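Data block below; observations after.
In each ligand, atom 1 is the first atom listed, and ligand 1 is the first ligand listed. This chain uses plain numbering: 1 for the first residue, then up along the sequence. Predicted model, so just to flag it, every value in this text is computed and none were measured.
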Amino acid sequence: MTQTQPLHARPSPSRTRLAGLTLAAALLAAAPGAWAQAAGGPFTLAPLPYASDALEPAIDKATMELHHGKHHQAYVNNLNNAIAGDAKLSQLTLEELVAKAGKHPAAVRNNAGGHWNHTFFWNIMGPAEKSGTPSPELLKAINDEFGSLDAFKAAFSKAGLSRFGSGWVWLIVDKKGKLVITTTPNQDNPLMDVAETRGTPVLGNDLWEHAYYLKYNNRRGDYLGAWWQVVNWDAVSRHYADAVDHKDGKRGKKK
Ligand code: MN
């Protein structure tokens, strides 16, 4: 298992130093591939936290390799390009860029969203045999809000099917601590100032055709149904616990 970079991580000092070396020195010092990332800017693509065929048959290996290695990599590269030369934007973490997406150029909004969303996405999935179950706390909240886990899954899939064009479907904790299903267009997400419904994502699925077209063609509903096999409920339960803790963004203040 490879530990992925936390979403809130600031650009690594070691990479910043590396970028200052000459090309020859950097090539000698860096592992293959590391140089190209170091030269490109502060954001890098973490490896998948499992093998690219680990989500078969729900998500096929070819889709995973293209989706992670080409699509996600492009969001990372384009984000680095979009903030290059802007001293202010270059200082911000990914979460800070996302939070004020509406105040940034479209290229920053789209690619910071793309980087955040995909990093989140890889980590709320896993091999079907390790899918697990929702924590008791999360299950209770799902039951309270949607009636049952199956009813929740049906509502989530229906929302994903109803989103026209490209986007994402989310389960979020809103500022009152309530579970809400919502969708966002393009690479927006519910953390963004521009989101219609804001909150902290605990689960999300990618509705772009690049996420399913090779295997499912136009059958988005089949993809949405099969995807439940590879949801990592331990990861989702951790996101839920964190989101409830931080729901008002005012931890530590008295009521
Ligand atoms: Mn995608």
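- With respect to D144 and K140, a salt bridge is recorded, a charged nitrogen being found less than 4.0 Å from a carboxylate O.
- Residue H118 counts as close to the Mn ion (ligand 1), with an N, O or S atom under 2.8 Å.
- When every heavy atom of N218 is checked against every heavy atom of Y213, the shortest pair comes out as N-CE1, 3.7 Å.
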Could you please spell out the steps behind the side-chain hydrogen bond (donor to acceptor under 3.5 Å, both in side chains) verdict for T197 and W170?
-> CA-CA 10 Å; T197 305; W170 306 95; over 6 Å; no
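- For D206, the N, O or S atom closest to the Mn ion (ligand 1) goes by the atom name OD2.
- Of all the N, O or S atoms in H67, the one closest to the Mn ion (ligand 1) is NE2.
- No hydrogens or angles considered: a donor-acceptor pair under 3.5 Å links the side chains of H72 and W122.
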